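Below is one structure, written out as structure tokens, with a few remarks after it.
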Amino acid sequence: MEKRRRKSRSSIIGKRHRKMTEPQLSTRHLLGIRHLTPQDIELIFSQADEFKEVLRRPIKKVPSLRDITVANLFFENSTRTRLSFELAEKRLSADVVNFSAAASSVKKGETLVDTVNNILSMKVDMVVMRHASPGSAEFLSKKVTAAIINAGDGTHEHPTQALLDAYSIRERLGSVKGKKIAIVGDITHSRVALSNIYCLQKLGAEVMVCGPTTLIPRHIRSLGVKVEHDLMKALEWCDVANMLRIQLERQDSNVRYFPSQREYAMLFGLDKERLEALSHKIVIMHPGPINRGVEITSDVADSDQSIILDQVENGVAVRMAVIYLLAQMIPGRRAV
Ligand code: CP
């Protein structure tokens, strides 16, 4: 009995000691991948590995964040990111409040800072925000005391998408280092592309972007990526092709970037014929939502080379890791 009591006390002390000596992120917010170090990314991945184990158990929940309240503020539409964050928060036992701009007082003219300050007055510790304006997450981090997670800010960054993408490549191919990744599609209007470029390069991958000239930013080479306008050459070069959607909602409606979706699909759409013409097997990714028959056909999206649903599954574990690690950085928070 005494032995059991001693053992249980030492394991509690061990847990506290681990908490004090655990490696930490170099930042209190997740505003973009640009601000993370490669060590931060590796730390998120190893924490996500642990949470992936938890998600395989019959009870997919840990009590780690029962002292934390998270507000999910979505000023733009979302299916995957929003559900994935909410599930991640609930799996960590955090209290969760959800805010959708469409059903809020934003419609009555309330500013972003006023909206957020009102929510924070209700003792919220962490804010997950999606917003149409590039830089909105960084702006918010300078105005409020809560930890901020960027869930996509306009055409700028979508850091958790890039983390789950790189995590899924690591899972399928063993590592990201040395791998060749082609990002195909509307690079100009894509926050996924920029965050992926930063993340993959920090982990030692080579990155190529491929698409029509009108959808590739003129100065993209300054980020150290290759540029290709011939889809077959890009596919032949890469180990992984990440097929992006045409971001119609962010394009200038007065500009015609390509003649028609049909022509786009003919030149930049990935179908079975193109896949089978390659000299090697590549991994297919897509951040979603998919426009079947435009950037990717159904037989490719649903093939065994596709890891699209693995990306979605891994999103929960990766977001749990991000939230958990940022919660350790909240000043004055006691380990529970
Ligand atoms: N990948 C992604 O951001 O999807 P949602 O827009 O559905 O969140």
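In listed order, ligands and their atoms are each counted from 1. Index from 1, following the sequence. Computed from a predicted model, the values in this text were never measured in an experiment.
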Salt-bridged, Lys281 to Asp239, with N to O below 4.0 Å? no

Which label fits Tyr167 and Phe45: parallel for a plane angle under 30°, tilted from 30 to 60°, or perpendicular past 60°? perpendicular

Quick one: ligand 1 N/O to protein N/O pairs below 3.5 Å?
| residue | atom | partner | partner atom | Å |
| --- | --- | --- | --- | --- |
| ligand 1 | 1 (N) | Gln161 | OE1 | 3.0 |
| ligand 1 | 1 (N) | Pro287 | O | 2.8 |
| ligand 1 | 1 (N) | Gly288 | O | 3.3 |
| ligand 1 | 3 (O) | Thr81 | OG1 | 3.0 |
| ligand 1 | 3 (O) | Arg130 | NH2 | 3.0 |
| ligand 1 | 3 (O) | His158 | NE2 | 2.9 |
| ligand 1 | 4 (O) | Arg80 | NE | 3.1 |
| ligand 1 | 6 (O) | Arg130 | NH1 | 2.9 |
| ligand 1 | 7 (O) | Thr79 | N | 2.8 |
| ligand 1 | 7 (O) | Arg80 | N | 3.0 |
| ligand 1 | 7 (O) | Arg80 | NE | 3.3 |
| ligand 1 | 7 (O) | Arg80 | NH2 | 2.9 |
| ligand 1 | 8 (O) | Ser78 | OG | 2.6 |
| ligand 1 | 8 (O) | Thr81 | N | 3.0 |
| ligand 1 | 8 (O) | Thr81 | OG1 | 2.6 |
| ligand 1 | 8 (O) | Arg130 | NH1 | 3.4 |
| ligand 1 | 8 (O) | Arg130 | NH2 | 3.3 |

Should the ring pair His189 and Tyr257 be called parallel, tilted or perpendicular, given that the plane angle runs from 0 to 90° and is split at 30 and 60? perpendicular

Both conditions, 6.0 Å and 45 degrees, for the charged tip of Arg319 above the ring of Phe85: are they met here? yes

Under a 4.0 Å threshold between the charged nitrogen and the carboxylate oxygen, would Glu53 count as salt-bridged to Arg57? no

Keeping Asn150 on the side-chain end and Leu31 on the backbone end, is there a donor-acceptor pair under 3.5 Å? yes

